[in-house]
Amino acid sequence: MADDFDPYYTWLGIPPKDQPPNHYRLLGVERFESNPDVIENAADRQMAHIRLFQNGPQGDISQKLLNEITSAKLCLLAPAKKAEYDPADSITPMLESAWEHCDFLDSLGFTRYCVSLKDSDPNKVIDVNRRFAERRPDVPLHLGVTEAGLPPDGVIKTRIAFEQLISRGIGDTIRVSLTVPNNSKPEEIQAGRQILADIAAGRVRSVVNYGLPTLNIIACPSCSRVENQAFIELAQQVKEMANYAKEHAITIAVMGCRVNGPGETDDADLGLWCGPNYVNLKRGNAELGAYAYDDILRRLKTELDALIASKS
Ligand code: SF4
């Protein structure tokens, strides 16, 4: 603001000794005022007054002050708002705050902004970003899982969130946050690039639905838990065998290990997970048995045929 002009004092009567004003002083209410109506009315009153100067020579200063008053109002209303929510629900307040801030930016004419909704729990990251995108598909989203932790767990958490969101076209920029020393920070970028490449190729850790009305075959990217390298070949063979069903909206998940395979195939129509000598097969949640590597394709095809017949 201009050196010779004091808008706080001139427009709001706040003397230099009280500057910069705290939120209460800026709105002209008593310190620790908590009545939401009083706060709301005070903010409206101050803003109506400041708007009088918007078209004058100090229009830019007026706008800056309007922004400060709006921020103060939102901040002081937060405790009252908090009481409106279930303490166990951390998603809805985050969402509503994001929508509110977007409305505010929109009202000021901003069009080039990006929103980030983060949590350390990947499931919450998925939930909040999905819900935000449903209502504001026009606003770009920056994706990330905060405090994801050390690799490989930190990468896995981030991967799960990104898989579920990016596969549905949600997300415009990403950040992988890992607990690594500063000189190892490039690992975050490598992990991010790897996750994006894997999602594009259908190599995913969780069952993802790309939202297409066609066959969806996913295979985990594999890791040290794989006990039989035949898994890598099997994933390719499943793809080739199932090609005849490409027009059917069926998800087949091929997972590389017995540790995560049983749980991670839960959301697939047909799920396979690999042990050292056998491949386990599941239809929905029902386990169908374990089959030799050279027998599993035949068995899978029988199940796939039955599934197609049941859907037609
Ligand atoms: S399913 Fe098993 S083998 Fe595949 S990436 Fe996950 S932990 Fe590793």
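All values below were derived from every heavy atom in this structure, side-chain atoms included, with hydrogens, water molecules and symmetry-related copies excluded. As the structure lists them, so they are numbered: ligands from 1, and atoms in each ligand from 1.
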Cluster check Val145, Phe132: I/L/V/M/F/W/Y, side chain < 4.5 angstrom:
yes
Specify the closest pair of heavy atoms between Ser62 and Ile50, including all atoms of both residues, with the distance to one decimal.
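Between these two residues, the closest heavy atoms are OG-O, 3.1 Å.
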Does any non-hydrogen side-chain atom of Ser90 lie less than 4.5 Å from one of Lys124?
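Answer yes - side chains close enough.
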Honestly, is Arg136 close enough over Trp99, meaning NZ or CZ under 6.0 Å from the six-membered ring centre and within 45° of the axis?
no
Are Lys301 and Tyr244 in a cation-pi contact, defined as NZ or CZ under 6.0 Å from the six-membered ring centre and within 45° of the axis?
yes
Residues Asp266, Lys282: salt bridge by 4.0 Å N-O rule:
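A salt bridge links Asp266 with Lys282.
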Just to be sure I understand the site: which N, O or S atoms from the protein are less than 2.8 Å away from atom 2 (Fe) of ligand 1?
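Correct list: Cys257 SG.
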